[in-house]
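Some notes on the structure that comes next.
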Amino acid sequence: MTDHKQNPTGISARAMQGTEPAYLKGLNPEQRDAVLSTDGPLLVLAGAGTGKTRVLTTRLAHILTTQKAWPNQMLAVTFTNKAAREMKERIGHLIGNVVEGMTWLGTFHSIGVKILRNHYELAGLRSGFSILDDDDQVRLLKQLLKAEGIDEKRWPARQLANAIDGWKNRGLTPDKVTEAEAYSFANGLGKKLYQDYQARLKTVNAADFGDLLLEVVRIFQTHPDVLKSYQQKFKYMLVDEYQDTNVVQYLWLRLLAQGHRNICCVGDDDQSIYGWRGAEVDNILRFEKDFPGAKIIKLERNYRSTPDILGAASGLIAKNESRLGKTLRTDKTESTLVSVRGHWDGEEEARAIGDDIEALQRQKEHLNDMAILVRASSQMRAFEERFITLGLPYRVIGGPRFYERAEIRDAMSYFKIVASPDNDLAFERIINTPKRGIGDASIQKMYNVARTSGTSLYVAAEKMLGTDELPAKARTALRLLIESFARWRKQVDALPHTELAEIVLDESGYTEMWQHDKSPEAEGRLENLKELVRSMGEFENLAGFLEHVALVMDRDTGAETDDRVNIMTLHSAKGLEFGTVFLPGWEEGLFPHQRSLDEKGRSGLEEERRLAYVGITRAKHRATISFAQNRRIHALWQSAMPSRFIDELPEKHVEVAAMTSSYGGQSFASSRFDSNTSFGKGSYDTPGWQRAQARKSSGDTMRASPKFIEGEMTASFANTPTYETGERVFHQKFGYGNVTEVDGNKLTVDFDKAGEKRVIDSFVERG
DNA sequence: GTCCTAAATTTTTTT
DNA sequence: AATTTAGGAC
């Protein structure tokens, strides 16, 4: 990158003096303070909806217009690519395309790679190292476990990957892992495996996600000259979502901030939801200690939500103990209560939400301004199915990712090997895809050679072309493949990369493989491959494309011009806002999630509560929380209790909606909802009371099934004796049909319209 | 080595 | 329920 020696903004400094710049207009006093306090450490505690992004972007614009720094002297870090993109865009609106000079605006990881690419040799890597994704990482570890003779059933590679990630997140290189911790995997082999893994990464010339940060920190720590050059470079530093930083990121920032000491961190401890990824809320709680003399500004004026939404969210988050404490205020007066609804099962929940959405749509509300925020992505399916039958347009944000599809990974593997042959994982993936007659046995032989000689698989394979270790058939196939790669590699600079990509897919026989495949998905896969090549065209070269995919992992969400309901997880909803928000699945075990409770105890619960807080505060006008009494998890039905979070919502901001009259167990559900006045204090006591009772009676954890709910369920089922083959039944969704088979409480019914389906007997009635 | 079937295993959130 | 893995037949 060359420095453009010109005024960074195009606006003359003279014009700025005297009159106040336009971008400061409309900021409240705290926001203005946060924008203007440019020098020295600053922590901005920005509650939900308090105009955080506006402050952030205005601050950057301000530093640039006042010429305190050139665009490339500013470091601005975000967590997601989306946030980075948005920030860039908004700065662009403020000060024009000067923002293009901000080469150090990006995610921790993308900035990490950039630094690492400049100093790869200090990390034991070679030029053009590749970035391993999650899947590659696990596959590599699997090999190491196998080589070590460790039972993969007892010690899954996935678990080791998590352990290593955890260590890396905490800034621990293998030598710094304590013996005690090393024992957490395979009786002490954890440390050795971590070491082996790192060594293997170097031979295959690759870095995993954790390395992108940890290796940089290590370089900074061991090479003061390198560190110093970056310290001098970054005159102003800005960190978004500071509450989500982990130990390495914290170390990374602190090392860099020791230069000019102009670091501004923006965050909200109440929105820290990435503890499972190593985030340390402590970082934000400790800011003043780390940066003595730091200024702290609280943004508490909320511009997003109504008083009821804010009240409900605040009441909930107040139950958390470890927080700095903020009080959000709003000037808004118009308000609707947060609605809480119970349903018989997940399908009914989806039906009710679908109805609501259609009703809102009739009132001319935009679907784009509505969102369904779920705890786990497995909840999404019910909504998708319902919306498809309704013909209601929706989009899933952060769903199954394009780049995780098998055909895309295969194709990408070919491209990766063209770019860097030492990528073992990629090579193994396609060495026999399409089938070339190179089987497991041959691959194992190659691995043995690779391991003993300390080379990559590709080099070992090349070597073995000249020996008779491999069967003749395999050797011939391998020779052909290696020669092809050599040929393609020669063309990298000669041909446009999209053209080369087509040649590779063609000549390798990969396209042909799918053309001859007669499975129904084959056509879609070929379509995806075309789409892949097309999207490559947006990048300058092959290397640029590969890097983008490694770091971003999903395609741009495309045009948001069409009006669709948004479906996403609570995690990916952070930072967004919608007029209407639906929050389904508020049930014990699902939300708060059982695993979170099991693994992290109270702190896990508090993180779940923060997640609930994030969910509610996404809403501008309306929020609807719901739970289902029964949910199908895999194949079996489980009865669930309403989430404790529902009880924690302050009564005065919540209305418990009447149950949508529907069908089946519905009637009993609504009765238990309505006839509760005899129990305890206050009129607002729906679901919570049940749970309290349940816990008292079972004396067990929250998962324990409440006796009386079971009782009622059985009672309700008892009224409906089992059906017999040939009987005529009616089903809410499928209509009338004849029972063709009975298996316990599962029936096979041949429906007049819908055809043969398997259903649970409690969902049909005699017709 | 390849292909087919049976069995086992999943059950959070993501750069 | 759906997907991945293991094992066995060819």
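Proteins come first, then strands; the chains are lettered A, B, ... in the order of their sequence lines, and each starts at number 1. Note: hydrogens, waters and symmetry copies are ignored here, and every other heavy atom, side chains too, is used.
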Can you give one letter per nucleotide of nucleotides 9-14 of chain B, going 5' to 3': B for a protein heavy atom under 4.0 Å from the base, S for sugar-phosphate only, - for none? SBBBBB
Output every pair passing ring pair (Phe, Tyr, Trp, His ring centres under 6.0 Å) with a member in residues 130-170 of chain A, not counting sequence neighbours, ordered by first then second residue. A/Trp155-A/Phe185, A/Trp167-A/Tyr194
Under-4.0 Å side-chain N/O to phosphate OP1/OP2 contact, A/Lys142 with C/dT5: yes
Distance check needed: B/dT15 C1' versus A/Lys574 NZ, whole Å only. 12 Å
When you look at A/Trp586 and A/Phe627, which way does the ring pair (Phe, Tyr, Trp, His ring centres under 6.0 Å) test go after all the steps? CA-CA 5 Å; A/Trp586 283 42; A/Phe627 62 90; over 10 Å; no
Atom-pair distance (CG on A/Asn246; C1' on B/dT15), nearest Å: 10 Å
A/Gln249 and A/Asn283: side-chain donor and acceptor closer than 3.5 Å? no
Can you check side-chain hydrogen bond (donor to acceptor under 3.5 Å, both in side chains) on A/Tyr394 and A/Glu384, steps first, answer last? CA-CA 8 Å; A/Tyr394 67 89; A/Glu384 293 195 59; 2.7 Å; yes
Cation-aromatic face contact A/Lys600/A/Trp276, 6.0 Å, 45 degrees: no
Rounded off to whole Å, could you give me the CZ-to-P distance for the A/Arg85 and B/dT15 pair? 11 Å
Separation of C/dT5 C1' from A/Arg158 CZ (nearest whole Å): 17 Å
Send over the distance from A/Phe79 CZ to B/dT15 P, rounded to a whole Å. 11 Å
Those residues that, when tested against A/Arg609, pass side-chain contact (heavy atoms from CB on, under 4.5 Å) (two or more places apart): A/Leu316, A/Lys319, A/Asn320, A/Leu605, A/Glu606, A/Phe645, A/Glu648
A/Ala477: side-chain contact (heavy atoms from CB on, under 4.5 Å) partners, not counting sequence neighbours: A/Arg436, A/Ile438
List, with names and distances, any nitrogen or oxygen atoms from the protein found under 3.5 Å away from nitrogen or oxygen atoms belonging to nucleotides 1-4 of chain B.
residue : atom : partner  : partner atom : Å
B/dG1   : OP1  : A/Gly439 : N            : 3.0
B/dG1   : OP1  : A/Ser442 : OG           : 2.9
B/dT2   : OP1  : A/Gly437 : N            : 3.2
B/dT2   : OP2  : A/Asn432 : ND2          : 3.3

With distance as the sole criterion, is a donor-acceptor pair present between the side chains of A/Tyr250 and A/Glu280 under 3.5 Å? no
Rounded to whole angstroms, how far apart are CD on A/Gln638 and C1' on C/dA1? 15 Å
Separation of atom CD1 in A/Ile111 from atom P in B/dT15, rounded to whole Å: 16 Å
Nearest whole Å is fine: how far is B/dT15 P from A/Asn162 CG? 16 Å
Results of side-chain contact (heavy atoms from CB on, under 4.5 Å) for A/Ala406 - residues two or more places apart only: A/Arg429, A/Arg525
